[in-house]
Amino acid sequence: MTTPEEKFQALIDAEEKVEPPDWMPEGYRKNLIRQIAQHAHSEIIGMQPEGNWISRAPTLHRKAILMAKVQDEAGHGLYLYSAAETLGVKRDEMQELLHQGKHKYSSIFNYPTLSWADMGAIGWLVDGAAITNQVMLTRCSYGPYARAMVRICKEESFHQRQGYEILIRLCQGTSEQKEMAQDALDRWWWPSLMMFGPHDSESTHTEQSMEWKIKRVSNDDLRQQFVDMTVPQAEYLGLEIPDPELRWNPERGHYDFGEIDWEEFWRVVKGNGPMNRERLEHKVRAWEEGTWVREAAAAHAAKKAARAA
Amino acid sequence: MPPQDPDDRVSALLAHADDNLVLAQRLGEWIASAPELEIDIALGNIALDHLGVARALYTHAGDLQGEGRGEDDLALGREERDYLNLLLVEQPNGDFARTMVRQLFFDAYQTPLWEDLSASDAPVLAGIAAKAAKETAYHLQYSSSWVIRLGDGTEESHRRAQDAVGALWRFTSELTEDDRASYRDEWERLVGAVLGEAKLEVPEDPYQRTGGRHGYHTEHLGYLLAEMQWMQRSYPEMKW
């Protein structure tokens, strides 16, 4: 007779998926809820900085792409919340925790989008960093999350290409456009590296998550992968990465790069980045202003049901 | 019948394109601010449909004009007085009831419009209209279902929906004036059925405001265009 614990461990060891009806340790469930909810919240809050440029997109073509991209993010939010719901938590509960500041979202969205080039930089760097993080999640041990990530990664890789393409256009354009692109890279580079989280030695969740095969690669390894992938892309654009310590290290076969400003990292995580307050206020306001709509829908549905009965 | 004046054909295309672009711009303002995630996605999709129709029409108008003007020249390079959209679509979003009532009035107009134009003997226009007709069927279903829910929901939602009908009614005769008069019966039938089920009243005040099709707008359009055209005007002659 195998115990539920042994059965669970056997699934993990065999690289098979844990599914909603399976027994799982409480810590595994909690860890997953935290991570998936945070991921879903990031998609939703992430709609704001890009939504900020929909009305001002420079061409109709760019406007259409940007609108579709922000809609994709709403869609990602939806299926991530659904994946989390398979673990026994409701979307409204997760949203409420976000509104109370008890759930986090990716700090990257606490930076402002100040020019059109930021739409390029977000696609290239932020979506690029997200993909680096998320590709490993398609192999995550929890089935619903892994499957959601397959689709999300496909869309994210399209987002990344469109962002990079915006920057190619700017870098082939006038000096004013190229300056716009460089300014965006200057502002988004370090926050993008911060997206991989603290050093492995400082990361509280990494070890357990890797044992449970929720997470498959460590923060520092992912960050290195991202830098190695991105530096040649910056060179192709003719833009300069704002890191004087960045250089190829032939012995390691990787780029060496400077140290993240961890003070800034923790400041933003703790709620004091440039846009933390605005992002959360906007989200809460939209939700509260929509209360009467949701109530009306519920009231109408109840009336209809009563009439049908 | 004499052949149509090509300029008039271009103006007619621009008018429809402007309707759809201005409405897409308004709907885009809801993104990341809607009452519920599903609504956010739906409004974004509807905005994208209108934007798509606008782009096709601008491109076609530019081709007919034959002066080398593309969609962006026509959308982002024309002044407020040259914009020919209906006043209804430039009205601010207001609350969700205001937006949904605006959508219902417009969708009920575009329903007979696309049906009519899809039978046009101009093949490009007929193609655009046939595609738009399918999208409009969905838009109308969406706006109708929400106006009914809000009108026959709670006391508050009923009040807001009734306020919206009252505020926007004065922009509705313009929808079916001039050469669009033949759409009136269908419009009244579609809107009347929804308002009836939603328990909403048509205002008694007969006042109507028109002029959009002649470039005589409300004051809202200037701000919308200023924002939408800002990049093209600040950085002229650049490729994006």
Side-chain angles (χ1 to χ4, degrees), chain A residues 40 43-64 66-68 70-75 77-78 81 91 95 115-116 166 169-170 172-174 176-177 180 282-283 285-304, chain B residues 21 24-45 47-48 51-52 54-55 58-59 70-72 74-76 95-97 100 145-146 148-158 160-161 198 224 227-232 234-235 237-240:
Chain A
E43 298 281 358
I44 300 306
I45 297 288
M47 293 167 72
Q48 291 180 40
E50 290 183 282
N52 184 39
W53 279 87
I54 287 176
S55 68
R56 292 175 293 170
T59 68
L60 300 190
H61 176 62
R62 294 289 179 203
K63 190 192 289 291
L66 187 57
M67 266 189 190
V70 177
Q71 289 316 100
D72 282 352
E73 280 152 16
L78 257 188
Y81 282 128
R91 195 213 297 182
Q95 281 208 120
S115 82
W116 173 251
I166 287 177
R169 201 44 94 77
L170 295 182
Q172 290 172 346
T174 64
E176 218 173 346
Q177 284 173 301
M180 204 185 269
H282 180 101
K283 177 73 180 68
R285 191 185 332 117
W287 183 249
E288 286 174 354
E289 285 177 357
T291 303
W292 69 271
V293 176
R294 298 188 300 274
E295 285 172 359
H300 180 74
K303 280 185 197 180
K304 250 176 101 168
Chain B
L21 178 61
Q25 183 79 359
R26 280 289 182 231
L27 288 170
E29 293 169 16
W30 271 108
I31 293 176
S33 298
E36 183 77 282
L37 201 43
E38 286 82 352
I39 299 176
D40 215 297
I41 293 174
L43 294 179
N45 285 341
L48 273 169
L51 181 55
R55 293 182 63 193
Y58 283 128
T59 301
E71 55 172 5
D72 292 320
L74 291 169
L76 305 171
D95 63 12
F96 185 65
M100 281 299 110
S145 72
W146 269 111
I148 291 166
R149 261 182 221 122
L150 299 178
D152 186 25
T154 62
E155 218 172 284
E156 180 180 9
S157 70
H158 178 81
R160 287 174 183 264
L224 181 145
E227 192 172 337
M228 185 173 76
Q229 298 180 338
W230 169 72
M231 287 284 291
Q232 288 287 343
S234 300
Y235 307 96
E237 307 294 317
M238 295 186 201
K239 296 257 178 287
W240 302 96

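Below, read A as the first sequence line, B as the second, and so on, with proteins coming before strands; counting in each chain starts at 1.
Contact annotation: the side chain of A:Thr59 never approaches that of B:Glu71 to less than 4.5 Å [non-hydrogen atoms, C-beta and beyond]. Contact check for A:Gln71 versus B:Asp40: side-chain heavy atoms found under the 4.5 Å cut-off.
Contacts between B:Trp240 and chain A at a heavy-atom distance below 4.5 Å involve backbone atoms as well as side-chain atoms. In this structure, chain B has heavy atoms under 4.5 Å from both the backbone and the side chain of A:Val293. Only the side chain of A:Glu176 comes within less than 4.5 Å of a heavy atom of chain B; its backbone N, CA, C and O stay farther away. In this structure, the portions of B:Ile148 lying under 4.5 Å from any heavy atom of chain A include both its backbone and its side chain. In this structure, chain B has heavy atoms under 4.5 Å from both the backbone and the side chain of A:His61. Proximity to chain B (any heavy atom under 4.5 Å) is shown, for A:Lys63, by both the backbone and the side chain. At a 4.5 Å heavy-atom cutoff, A:Ala301 makes no contact with chain B through either its backbone or its side chain. Neither the backbone nor the side chain of A:Ile45 comes within contact range of chain B; no heavy atoms are under 4.5 Å apart. Heavy atoms closer than 4.5 Å to chain A are found in both the backbone and the side chain of B:Ala47. Heavy atoms of A:Leu78 lying under 4.5 Å from chain B belong to its backbone as well as its side chain. At a 4.5 Å heavy-atom cutoff, the contact between B:Ala34 and chain A is made by backbone atoms alone. Interface residue B:Leu51: only side-chain heavy atoms are found under 4.5 Å from chain A. Both the backbone and the side chain of B:Leu48 have a heavy atom closer than 4.5 Å to some heavy atom of chain A. For A:Arg294, the part sitting under 4.5 Å from any heavy atom of chain B is the side chain, from C-beta outward, and nothing else.
Ranking B:Leu21, B:Thr154, B:Ile41 against chain A, the residue ahead of the rest is B:Ile41, based on heavy-atom pairs under 4.5 Å. Note on A:Gln95, A:His282, A:Glu295: by heavy-atom pairs under 4.5 Å with chain B, the leading option is A:His282. Across B:Glu156, B:Glu29, B:Glu155, B:His158, the residue that shares the most heavy-atom pairs under 4.5 angstrom with chain A is B:Glu156. Here B:Gly153 is the residue among B:Ser234, B:Gly153, B:Gly44, B:Ser157 with the most heavy-atom pairs under 4.5 Å with chain A. Most heavy-atom pairs under 4.5 Å with chain A: of the set B:Leu43, B:Leu37, B:Ile31, this distinction falls to B:Leu37. Between chain B and the options A:Gln48, A:Glu50, A:Arg56, heavy-atom pairs under 4.5 Å are most frequent for A:Arg56. Contact count versus chain A (heavy atoms, under 4.5 Å) is highest, among B:Glu237, B:Arg160, B:Gln232, B:Gln229, for B:Arg160. Options A:Ala64, A:Gly173, A:Gly51 differ in how many heavy-atom pairs under 4.5 Å they form with chain B, and the most are formed by A:Ala64.
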Check against side-chain hydrogen bond (donor to acceptor under 3.5 Å, both in side chains), B:Lys239 and A:Gln177: CA-CA 9 Å; B:Lys239 296 257 178 287; A:Gln177 284 173 301; over 6 Å; no
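Side-chain N/O atoms of A:Ser55 and B:Glu227 include a donor and acceptor closer than 3.5 Å.
Few gaps surround NZ on A:Lys303; more than 12 heavy atoms of other groups in view lie less than 6.0 Å from it.
Here the CG-CE distance, from B:Leu27 to A:Met67, works out to 7.5 Å after rounding to the nearest 0.5 Å. Within the model, atoms CE of B:Met238 and CZ of A:Arg169 stand 13.5 Å from one another, a figure rounded to the nearest 0.5 Å. Between atom CE of residue B:Met228 and atom CD1 of residue A:Ile54 there is a gap of 14.0 Å, rounded to the nearest 0.5 Å.
With hydrogens and angles disregarded, no donor-acceptor distance shorter than 3.5 Å links the side chain of A:Glu289 to the backbone of B:Pro35.
With respect to B:Glu38 and A:Arg91, a salt bridge is recorded, a charged nitrogen being found less than 4.0 Å from a carboxylate O.
The minimum heavy-atom distance between A:Pro58 and B:Leu76, with the atom names listed, is O-CD1, 3.3 Å.
With sequence neighbours excluded, no residue satisfies ring-ring contact (aromatic ring centres under 6.0 Å, His included) with B:Tyr58.
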